[in-house]
Amino acid sequence: MAGTGCPPDAEVLLSVDGAQVGEVRADDTGIFRAPLRAVGADVGRHDVSADCGPIFAAPLDIVLVSQATGSTATAVVIVFFLLVGLSIYRRRLLTPQPGREEES
């Protein structure tokens, strides 16, 4: 988290959804920088604020990201091509072929 506009050397209180999560001191030009850790925060939109006299606020969106491992990705590719192949084979079996006569 970073911002500007604080009084020089002001203490900056950092909050997420109204709960204080840290503090930092602005430099002599009013600029502050601090890592923001949203440990334990739920997925969704949260309000982040920095209070150094003036209060600066911004939304923080936390998203859930998943990653397929190598074996999972390989299985997905195999199943995909298996389903495509079965679909094509099934269509060939159900479509009458020209030149073939059905036996009675």
Salt bridge (charged side-chain N to carboxylate O under 4.0 Å, His left out) partners of residues 50-63, not counting sequence neighbours, each pair once:
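Applying salt bridge (charged side-chain N to carboxylate O under 4.0 Å, His left out) to every pair that reaches into residues 50-63, excluding sequence neighbours, yields R45-D61.
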Residues 77-86 vs side chain to side chain donor-acceptor pair (under 3.5 Å), sequence neighbours excluded, gives none
Go through the structure and list residues passing side chain to side chain contact (heavy atoms under 4.5 Å, CB included) with V43, not counting sequence neighbours.
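In terms of side chain to side chain contact (heavy atoms under 4.5 Å, CB included), with neighbours along the sequence ignored, V43 is linked to L64.
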Partner set under side chain to side chain contact (heavy atoms under 4.5 Å, CB included) for D47, not counting sequence neighbours:
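Counting only residues at least two positions away or on another chain, D47 forms a side chain to side chain contact (heavy atoms under 4.5 Å, CB included) with D17.
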Side-chain atoms of residues 2-15: list all donor-acceptor pairs with protein atoms under 3.5 Å, sequence neighbours left out, distances to 0.1 Å.
none

Reported CZ-to-CD distance for the pair F32 and E23, which is rounded to 0.5 angstrom
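Between atom CZ of F32 and atom CD of E23 there are 13.0 Å.
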Within this structure, what is the SG-CZ distance for the pair C52 and R25, rounded to the nearest 0.5 Å?
11.0 Å
hydrophobic_cluster_shared for V16 and I62, side chain cutoff 4.5 Å:
yes
